[in-house]
Structure formats: C-alpha cells, structure tokens
> 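Okay, here's the structure, questions in a sec.
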Amino acid sequence: MSENYNASAGLLLSMQILYEKLKEREIPVSLLPPSEEPCLTGIQFYTGQQDLSRAFLYLADCKTLSAHPFLLPDGFLAVAGEPEKGTFHASCSLLIFPDAMSLPEIFNTLQQIFACFALLERKLNDILNRDGSLYDITVAALEHFHNPVFIHDEYFHILACPRHFEGALNFTYNEQTKRYMQDLNTINFFRTSPAYKKTLSTIGGQFWDSDFNNDRCIYVNLWMNGSYRGRFIISEMETPLTRGQLYIASYFAEIIKLALLRRNDTGDDERHPLEKLIIDTISGTETDRLDISRKLEILGWEEEDRYLCGIISFESTDVTKLSVYSICNEIEERIQACHACYYKGHIYLLVNLSKSRITPQDLRMKMSYIIREGLLRMGVSFPFHGFSTLPIHLKQAQIALSYSQMERVPHWYNEFQDYVLKYWLLEGIGEFTKESIAPDTLHQLLHYDKEHGTELYETLKTYLMNERNSTLTAQLLKINRSTLPHRLNRITQLTGANLDDFMTRLYLMMGFYILDYI
C-alpha cells in the first residue's frame, strides 16, 4: 500500500489551505467551489495570456476578466470583487476577495502565505539533509500546527513527542524497551474498538473523533513497503483542526517515512535486542554465540540465567496487527525482564526468571488476565538455565500448545509438564535431551542441593523408589525418621510437586531413571 502523494513533488498548496490561512488573517474571502487538490506552486497575475497552468493561482480583477475570460478548465483564480458569469470556466475554483482590496494588496497577502509554506518545506528538507531526528520533525510540526503532535510505531512505542500537554497525552514508560508508549487503557480500548480498527487501512491525512473520550485528532498512517509502521498524530487541543491540515499532515508523514527509511539503512531500527535472536531460533537459523552474548549484555542478562519461554496462539480469527502489538505491549508492561514478539501467526514470549524475580506460578497468574481477555491459548516450557537451550524449550512450548489444541482442553494456559509424560510415552524423547525431558522438579532439587549442601534430590528418589515407605526411606538415608517429613515438606515448598498424584510420581520416577541410569 502506498500514499497517493509523493514528497519529492514538494509541498504544494490547495485553494482550501489558502482560504483557511486568509481566514486566519480575518480577510472576508469566499471559496467557490471548494477545492482541496494540492497542486499550487505559486501565484501569477492574469492579463489574458494563453499559456496557463494549473500549477499557479491566477490573480485578476473583474474588468480584466470581462475583456479576457479565464478559460482554463479546472483552473484556480483569485478575483477582487464578484466576477460575471461567462468570464471564467465553469469548472474553475475561485477565491473571491472584497472590492475594497487592491490587486497588489491581494498579491502580497497570497505571496506571504506561499512564502511561509516554502520556508516550512526548506526547514523539513534541511532536517533530512543533516540527518536530523524524528524529534526535530515533530518540533517543526508543533510550531506549524500549534497543537500536540507525536509519532508512534506499530507497537505503540512513542518515537517522538516534542512537548507534553497536560491532560492530552497519556504515556507510560516501558522498562523492557526503555521507551515511552501509549498507556495500556488506551491501547486495550483500541484493540476492541471496531471504529479504530477501520482506521488501520486508511491512506493520507484523516480526522479521528474518538469513541473512547472527547479527543479529536488528525492522523496519518505510516505505510512503508506495504506494511503499517505506525502513525503521525496531531491532537486538537489549543487550536481547531481544519481540512487543509489533512494534506499538510500527509506531507509531514512523508518526511517522517524518509527519516525512518534512513534510520533503517543505518541499522538503528532494531526494536529489541532479542527479537532477531528469537526469530532466528524459530526459523532454524544458526546464531553467532558472540552476537547472543552481546545482546544479552545490552539487557544486563547472562547466558546462564534461569529462563522460561512460551508460544501464544489466537483462538479468534479476528486478529489484527493492532491486537497483536497491544498484547505484546501489555505482556511486557505486566512482566519484568521479558520480551514478546510476533512471528508468523504466533506471539513468542521469553522471560528471564532470574532478573524478573517471579516464579512460574507468578507468571501463570500475571498471564491469566491477558489470555482470557484476548481469547488466547498459550504453551509454556519448563524453566531452564542457559540461553543456548532456547530451541529445545521453544519446542516444549510448541508441544504444550499443540497438545492442548488437539485435546481441546478448556483452559488457556498450558504447561509442558502437563503433557510431557504423554509425549514421552507416545513419541519417546524425540529431539529432546534427557536433561530437557526430565521433570523440572528434579532440576530444581539438584540446583538447590548444589547451592545449599542438602540432599533433597536423593531423599525424594529414595522415598519414591521405596513406594513412600517413610521408615525404610529413613533407614536407607541414615537419617532420623522425624527428619524425613521436614525434607519432604521442603521439597513440596520448593517445587510445588503433588506427591499424592500418581501421574506426578510416575513422571518423577521416569525422570530419575533417565537422569541416573540412561
């Protein structure tokens, strides 16, 4: 999809823009009929010449028109006084000035307006020529429109906002991306608003009268190579918005797109250090270990941190980029030290449990609201140490998601531990290593024993192998029988394992067997 306007043509004016600027100067002018076509580059006096062009606004008085009718089809004419019918082509658009204004006075006024817009065009091109920023462009827009302006990308991250207007712009700071973004209440409203969804397919400057609050704005979607990349917005707060500003907003949007393209060429547009790593992992592309280390370092993460990953699918067929990106934003807002990205129909989630300081159980609670409200289904891997094992654990999340879909389970949050035993029995260990197929409970106990010098792993193994016979277990471990309940309580507190559940015990025993004897 592309704009119907090319910035390389320059900043052209329309009769509507001229009319609005004349009204701002309190000149009693009429426009008949209205014309919003941007094609005017300047003004000339009309003296009856034949080589006429629609690129110019022609200025004449009624006497000249009577002697030399202005016959340019769809032409543009400025007249001092009311011209007689037949003295101009019926398809012309006319600016009619009062009789009291002289032609030189009208010419100077119109020339000043053309000069102001020529200055604006030079200013914007200077910003591009000196590799200026999006912020510089929005400063110029603020000075021109005298209203709050900002740019956001398709993720609702604020790319530039030169001035905060109290009560007009509600932004929140996203700790994950280190950027400001539109607040979640607004994003969630947009996600469910049919009126807003319709705006995501428009081209050029458009008015938006919110059905969420009393806000009114002009917006221009930023289409680049057929893809929606965000939006340029002018909020009506200090001065009324006008129809002529729709085109000027479109021109600003073209300048913004050129700046974004230049930024892409220099490689500065990477949205998140992990996004390419995750997508490369999904697509099976080999990733440079040095690149992984560098990007983890940017985030303050370490390769051996404890991670968890998930894959989210959409149960509803009404999926738009708006809903996808707003869900990603909401996840990152609610969960620290995580990244959510969209790729080929699914949202992929990676959480650094070491840095976020949440447990898998906490994650389930935080995700429950998002999943229920969005009619989503999620598959979740085991927690794991070591970023290099991400491909294996993404596979776990995919199995949890696909098995839950096949079995049509009613719950939306599905962990690999709920399906691993069935997968193991049906398909063997498949592509998994024995470490990645074994219960996370056992890995937690091994890790805890190593850090604290305890023997919880061996205690649980002995207890289950002896069919939960406490007396025999205590004898084999050479501990007091009263010590065993304390160890078992500690195991259940650490892992949440339900040792009264047969399937849990079976899976744990299989885990012990594959870790210790295979």
Side-chain angles (χ1 to χ4, degrees), residues 296-297 299-309 335-338 350-366 380-390 392-393 396 415-418 420-421 432-501 503-518:
L296 291 179
E297 185 178 355
L299 295 171
W301 294 9
E302 298 177 12
E303 206 280 337
E304 288 304 318
D305 282 344
R306 191 164 184 253
Y307 296 94
L308 182 145
C309 59
I335 302 166
Q336 293 184 347
C338 80
L350 178 65
V351 183
N352 186 319
L353 298 175
S354 301
K355 296 295 186 289
S356 64
R357 301 184 184 278
I358 65 171
T359 66
Q361 293 74 29
D362 294 332
L363 178 66
R364 184 183 189 115
M365 293 180 62
K366 288 177 177 290
V380 183
S381 74
F382 282 151
F384 59 98
H385 288 276
F387 188 89
S388 60
T389 62
L390 177 61
I392 289 175
H393 292 89
Q396 291 181 346
E415 297 170 288
F416 182 59
Q417 65 181 13
D418 298 327
V420 62
L421 187 57
F432 294 113
T433 62
K434 64 180 185 178
E435 288 78 16
S436 65
I437 203 74
D440 182 58
T441 294
L442 303 187
H443 294 303
Q444 291 184 61
L445 296 180
L446 286 169
H447 187 72
Y448 187 86
D449 287 345
K450 183 178 179 180
E451 286 197 342
H452 297 87
T454 54
E455 297 180 346
L456 299 183
Y457 178 90
E458 194 64 31
T459 297
L460 180 59
K461 177 181 174 181
T462 305
Y463 179 66
L464 294 179
M465 287 181 68
N466 290 280
E467 298 180 350
R468 296 191 290 169
N469 185 317
S470 298
T471 301
L472 182 55
T473 300
Q475 290 174 352
L476 292 171
L477 292 173
K478 298 180 180 180
I479 60 174
N480 192 297
R481 185 176 175 182
S482 63
T483 302
L484 182 60
H486 294 292
R487 288 192 181 183
L488 295 175
N489 285 336
R490 187 64 183 139
I491 288 169
T492 55
Q493 288 173 359
L494 281 172
T495 67
N498 180 8
L499 301 181
D500 292 326
D501 178 64
M503 298 297 286
T504 298
R505 296 197 305 274
L506 175 60
Y507 180 34
L508 288 170
M509 287 303 298
M510 292 176 70
F512 282 121
Y513 186 77
I514 196 171
L515 287 177
D516 295 342
Y517 303 109
I518 299 297

> State, yes or no, whether a side-chain contact exists between F416 and V380 at a heavy-atom distance under 4.5 Å.
no
> Would you check if T441 and L494 make a side-chain contact, meaning some heavy-atom pair closer than 4.5 Å?
no
> For I392 and F432, run side chain to side chain contact (heavy atoms under 4.5 Å, CB included): C-alpha distance rounded to whole Å, both residues' side-chain angles, the deciding distance at 0.1 Å, then the answer.
CA-CA 7 Å; I392 289 175; F432 294 113; 3.4 Å; yes
> Do you see a donor-acceptor pair shorter than 3.5 Å between the side chains of N480 and T483?
no
> I'd like to check the side chain to side chain donor-acceptor pair (under 3.5 Å) partners of D440; sequence neighbours left out, ordered by chain and number.
R306, Q444
> Say whether S436 and Q396, considering side chains only, have a donor N or O and an acceptor N or O under 3.5 Å apart.
no
> Just verifying a value: how many Å separate Y513 OH and M510 CE, rounded to the nearest 0.5 Å?
10.5 Å
> Give the ring-plane orientation class for W301 versus Y307, where under 30° counts as parallel, over 60° as perpendicular and anything between as tilted.
tilted
> Which heavy-atom pair separates L477 from T462 by the least distance, and what is that distance?
CD2-OG1, 3.6 Å
> Using 30° and 60° as the class boundaries, would you call the ring planes of F382 and Y507 parallel, tilted or perpendicular?
parallel
> Does a sphere of radius 6.0 Å around CD in E435 hold more than 12 heavy atoms from other residues, nucleotides or ligands, not counting ones at 6.0 Å or beyond?
yes
> Give, for atom CD of Q361 and atom OG1 of T359, the distance between the pair rounded to the nearest 0.5 Å.
4.5 Å
> Supply the atom-to-atom distance T495 OG1 to L442 CG, rounded to the nearest 0.5 angstrom.
9.0 Å
> State, to 0.1 Å, how close L506 and L421 come at their nearest heavy-atom pair, and which atoms those are.
CD2-CD2, 3.7 Å
> Starting at OG of S356, measure out to CG of D305 and round the result to the nearest 0.5 Å.
9.5 Å
> Could you verify whether a donor N or O on one side chain and an acceptor N or O on the other, from R481 and S470, lie under 3.5 Å apart?
no
> Under 30°, 30 to 60°, or over 60°: which ring-plane class applies to H452 and Y448, parallel, tilted or perpendicular?
parallel
> Are any non-hydrogen side-chain atoms of T492 and L488 less than 4.5 angstrom apart?
no
> Are more than 12 heavy atoms, taken from residues, nucleotides or ligands other than E304, located less than 6.0 Å from that residue's CD atom?
yes
> For the ring pair H447 and H385, is the centre-to-centre distance below 6.0 Å?
yes
> Please determine whether side chain to side chain contact (heavy atoms under 4.5 Å, CB included) holds for the pair L472 and L476, giving the CA-CA distance in whole Å, both sets of side-chain angles, and the decisive distance to 0.1 Å.
CA-CA 6 Å; L472 182 55; L476 292 171; 4.0 Å; yes
> Looking only at non-hydrogen atoms, find the nearest pair between E455 and T459 and report the distance.
O-OG1, 2.7 Å
> Can you tell me if CD on E467 sees more than 12 non-hydrogen neighbours from other groups inside 6.0 Å?
no
> Is it true that atom CE of M365 has more than 12 heavy atoms of other residues, nucleotides or ligands lying nearer than 6.0 Å?
no
> Measure from the side-chain N and O atoms of N352 to the backbone N and O of K355, and report whether any donor-acceptor pair falls under 3.5 Å.
yes
> Inspect the contact between K461 and D516 and indicate whether a charged nitrogen and a carboxylate oxygen are less than 4.0 angstrom apart.
yes
> How close do L464 and R468 get, counting heavy atoms only, and between which atoms?
CD2-CG, 4.2 Å
> Indicate the atoms forming the closest heavy-atom contact of I491 with L456, along with that distance.
CD1-O, 3.6 Å
> Is T389 close to T433 at the side-chain level, that is, under 4.5 Å between some pair of heavy atoms?
no
> So, taking the atom named CG in L353 and the one named CD1 in I358, what distance separates them when rounded to the nearest 0.5 Å?
6.0 Å
> Do D449 and T454 get their side chains close enough for a donor-acceptor pair, meaning under 3.5 Å?
yes
> Measure across G511 and P439 and return the closest heavy-atom pair with its distance rounded to 0.1 Å.
CA-CD, 3.5 Å
> What I'd like to find out is whether the side chain of V351 reaches to under 4.5 Å of the side chain of C309, using heavy atoms alone.
no
> Report the C-alpha separation of L508 and L499 in whole Å, then their side-chain angles, then the decisive distance to 0.1 Å, and conclude whether the side chain to side chain contact (heavy atoms under 4.5 Å, CB included) test is met.
CA-CA 9 Å; L508 288 170; L499 301 181; 3.8 Å; yes
> For R364 and E415, run side chain to side chain contact (heavy atoms under 4.5 Å, CB included): C-alpha distance rounded to whole Å, both residues' side-chain angles, the deciding distance at 0.1 Å, then the answer.
CA-CA 9 Å; R364 184 183 189 115; E415 297 170 288; 2.9 Å; yes
> Do L515 and Y457 have side chains that get closer than 4.5 Å, going by heavy atoms?
yes
> When rounded to the nearest 0.5 angstrom, what distance separates CG in N498 from OG1 in T504?
5.5 Å
